[in-house]
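Below: one structure, written as structure tokens.
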Number of protein chains: 2
Amino acid sequence: MVPRTAELHELVDRRLRAVGQRYTQQRRTLVEALHRDGKPSSITDLLAHVQLPQSSIYRNLTVLEQAGAVRRVVTEEDFARYELAEDLTEHHHHLICSSCGRVEDVTIPASLEADVDRTLEGVARRTGFASISHRLDVIGTCSDCA
Amino acid sequence: MVPRTAELHELVDRRLRAVGQRYTQQRRTLVEALHRDGKPSSITDLLAHVQLPQSSIYRNLTVLEQAGAVRRVVTEEDFARYELAEDLTEHHHHLICSSCGRVEDVTIPASLEADVDRTLEGVARRTGFASISHRLDVIGTCSDCA
DNA sequence: CTTCCTGCAAAAGTTTTGCATTAAC
DNA sequence: GTTAATGCAAAACTTTTGCAGGAAG
């Protein structure tokens with residue numbers, strides 16, 4: 001389910017082209033950084049890990065998001081985080097520490113996923129919402145902050 | 001399960017006192033505005049609905065949050081929203097429109113709630129997290145934006 | 001009267017934008 | 001060569017803070 005690094009770039013490239021965008025060196029660098037991190041990164045994180053101007057990071061993440069290669073993640077913090085799109089990694093959820101802001105990836109049993117999907121689909125339909133996705137996170141205190 | 005307005009103030013008052021804070025007129029005004037709105041309000045919303053300085057709104061919401069009377073809600077937008085604490089209303093989830101930012105409250109069947117709770121409790125324990133709460137939202141497109 | 005809350009204005013932090021230059025195709 | 005991406009600096013927007021004055025207990 002998780003693509004090898006080689007075909008990861010292939011996939012991102014295709015999605016960018018599909019929306020009339022180029023897969024430039026900077027964008028490649030960002031995708032690799034997000035892939036290495038394996039959990040949602042803040043702009044500050046990225047600034048420290050890659051050598052790129054801040055405005056380029058913002059602009060390229062926005063482009064990558066519109067191409068469906070990257071997802072913007074909201075946490076309890078007052079800045080955004082970014083991660084590779086779920087279908088370039090695998091469907092997962094987040095453990096968010098409300099004390100230090102740390103974010104970890106977790107998966108839950110497929111049976112529960114299916115229940116959640118089915119229920120929310122119904123909820124959305126009844127309220128005139130077109131459901132695109134759900135967000136199921138655990139907010140708590142991580143072992144370091146306990 | 002939903003307290004009448006009279007005892008709502010009673011409850012908020014008690015929680016504020018418990019953390020050494022006063023239930024001032026401004027805070028009462030904010031609680032009433034949030035209660036009227038019935039869904040998460042942004043600071044801009046509150047500025048329009050109540051006649052209070054911006055800094056007082058921020059400061060009082062922070063106090064009310066620390067007292068456990070109000071909850072800070074993060075959406076896909078790049079500003080926060082606030083709502084009354086869940087045990088002053090009732091446990092619910094959000095339909096978030098990724099196009100216009102609109103947020104609606106919804107409830108899901110108690111049986112699914114219980115499944116989710118049980119599963120996340122286990123997930124949290126295995127990863128050293130102390131689970132305080134979960135967040136289950138539907139991200140989609142509302143009927144106006146469809 | 002003493003402590004905490006309020007209001008204004010300024011500061012801090014995150015994200016966006018204008019425009020000249022450079023890289024991609 | 002033409003079009004789109006980049007880099008820098010400035011602007012926009014959300015949120016926080018310092019401090020003098022006012023309300024609450």
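In what follows, every chain begins at residue 1, and chains take the letters A, B, ... in the order their sequences are listed.
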Kindly indicate, with the supporting measurements, whether the criterion salt bridge (charged side-chain N to carboxylate O under 4.0 Å, His left out) is fulfilled by B:D105 and B:K39. CA-CA 6 Å; B:D105 290 352; B:K39 59 187 177 189; over 6 Å; no
Quiz question: by atom type and distance under 3.5 Å, do the side chains of B:H92 and B:E83 form a donor-acceptor pair? yes
Strictly below 4.0 Å: does A:Q26 bring a side-chain N or O up to OP1 or OP2 of C:dA24? no
From C-beta outward on A:P53, which listed nucleotide comes closest to its side chain: C:dC5, D:dG7, C:dT15? D:dG7
Between C:dT15 (P) and B:E77 (CD): distance, integer Å: 14 Å
Could B:R135 and A:E76 be called an ion pair, given the rule that one side-chain N must be under 4.0 Å from one carboxylate O? yes
Nearest listed nucleotide, side chain of A:R17, among D:dC8, C:dC25, C:dT15: C:dC25
Please state whether the phosphate of D:dA4, meaning OP1 or OP2, lies under 4.0 angstrom from any side-chain nitrogen or oxygen of A:Q21. no
Nearest-Å distance for atom pair CG/C1', residues B:D45 and D:dT15: 16 Å
Checking A:S56 against A:N60: is there a side-chain donor and acceptor pair closer than 3.5 Å? no
Between D:dC13 atom C1' and A:F79 atom CZ, what is the distance in whole Å? 17 Å
Any ion pair linking B:D87 and B:R15 (charged N to carboxylate O, less than 4.0 Å)? yes
Tell me the interatomic distance from A:Q51, atom CD, to D:dT6, atom P, rounded to whole angstroms. 15 Å
Side-chain N,O (A:T24) to OP1/OP2 (D:dA5) below 4.0 Å: no
State, without any angle test, whether A:E77 and A:T75 hold a side-chain donor-acceptor pair at a distance under 3.5 Å. yes
Separation of B:N60 atom CG from D:dT15 atom P, in whole Å? 15 Å
Presence of salt bridge, A:D45 and A:R81, under 4.0 angstrom: yes
Are A:R14 and A:E10 ion-paired here, with the side-chain N under 4.0 Å from a carboxylate O? yes
Can you tell me how far P of D:dG25 sits from CZ of B:R27, to the nearest Å? 11 Å
Please report the distance, rounded to the nearest Å, between OH in B:Y58 and C1' in C:dC8. 16 Å
Going by distance alone, is a donor N or O of one side chain under 3.5 Å from an acceptor N or O of the other, for B:H93 and B:E113? yes
Atom pairs, N/O to N/O, protein against nucleotides 18-20 of chain D, distance under 3.5 Å?
{"residue": "D:dG18", "atom": "O6", "partner": "B:R59", "partner atom": "NH1", "Å": "3.4"}
{"residue": "D:dG18", "atom": "O6", "partner": "B:R59", "partner atom": "NH2", "Å": "2.9"}

Send over the distance from B:I57 CD1 to C:dC5 C1', rounded to a whole Å. 15 Å
Nucleic acid contacts - residues 61-70 of chain B versus DNA chain C, non-hydrogen atoms under 4.0 Å: none
Just report the end-to-end axis angle for the helix from C:dC1-D:dG25 to C:dC25-D:dG1, five pairs per end, to 10 degrees. 40°
Please figure out whether B:R72 or B:Q25 has its closest DNA chain D nucleotide nearer the 5' end. B:R72
With a cut-off of less than 4.0 Å, is there a side-chain N or O of A:Q54 near OP1 or OP2 of C:dT15? no
